[in-house]
Amino acid sequence: MNAGVTGQFDFGPMGCAMKANLLNLWRQFFVLEEGMLEVDCTVLTPEPVLKASGHAERFADLMVKDTKTGECFRVDHLIKASLEKIQKEKGFDVSKKGMAMLE
């Protein structure tokens, strides 16, 4: 991986293969198994857009509220806990799975 313009990188052959494998695993789980929709858009957002949308000054983590208990949770924490539960239930060994992606 070569550093290009600040925040941008060029991937070599191994990096491209790893990126493709990672995207395929992500799609397999989130799009096919969980039925989520995929959106492909630019990753780089100009600073004036972030300021105009309020993200630069008032950014906050996404939260969800349990309608039964009224308790609030950070979305990223719920996703992590859910993925860990699925890994445990299906008997995934994350360390071995990561190595398979590189082969």
Side-chain angles (χ1 to χ4, degrees):
M1 180 167 60
N2 295 322
V5 177
T6 303
Q8 298 179 2
F9 297 91
D10 294 327
F11 292 100
M14 292 295 289
C16 290
M18 186 176 73
K19 180 181 171 188
N21 287 338
L22 180 64
L23 286 172
N24 287 335
L25 287 171
W26 186 90
R27 283 185 182 109
Q28 177 68 36
F29 179 79
F30 286 105
V31 178
L32 300 177
E33 291 183 27
E34 295 294 314
M36 294 186 181
L37 300 175
E38 183 176 4
V39 177
D40 189 7
C41 55
T42 184
V43 176
L44 303 174
T45 303
E47 187 177 357
V49 173
L50 294 174
K51 285 184 178 180
S53 68
H55 283 89
E57 295 159 4
R58 318 183 282 274
F59 181 79
D61 292 319
L62 292 176
M63 303 289 287
V64 292
K65 187 174 190 177
D66 184 329
T67 56
K68 292 181 182 176
T69 66
E71 193 173 355
C72 292
F73 302 94
R74 276 184 44 182
V75 174
D76 59 329
H77 290 182
L78 290 176
I79 292 170
K80 181 180 179 186
S82 179
L83 290 174
E84 287 172 350
K85 180 181 175 188
I86 290 168
Q87 287 174 342
K88 188 180 252 186
E89 288 173 355
K90 293 187 177 185
F92 287 147
D93 184 348
V94 179
S95 63
K96 289 182 182 177
K97 190 75 170 176
M99 290 306 294
M101 285 175 40
L102 297 175
E103 295 176 349

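Scope of the values below: all heavy atoms of this structure, side chains included, with no hydrogens, waters or symmetry mates.
Following chains of ILVMFWY side-chain contacts shorter than 4.5 Å, one can reach F30 starting from V75, so the two form part of one hydrophobic cluster. Note: the hydrophobic cluster containing L83 also contains L62 (ILVMFWY, side chain heavy atoms under 4.5 Å, direct or indirect links). Clustering ILVMFWY residues whenever any of their side-chain heavy atoms sit less than 4.5 angstrom apart, transitively, puts L23 in a cluster other than the one holding F29.
Between the CH2 atom in W26 and the CE atom in M36 there is a gap of 8.0 Å [rounded to 0.5 Å]. Considering CD of E34 and CD1 of I79, their distance stands at 10.0 Å, rounded to 0.5 Å. Of the inter-residue distances, the one linking D76 atom CG with M63 atom CE reads 9.0 Å to the nearest 0.5 angstrom.
Other residues, nucleotides and ligands place more than 12 heavy atoms under 6.0 Å from the CD atom of E89.
Side-chain atoms of K65 and E71, non-hydrogen and from C-beta on, never get closer than 4.5 Å to each other. Side-chain contact between N21 and M18 is absent, with no heavy-atom pair separated by less than 4.5 Å.
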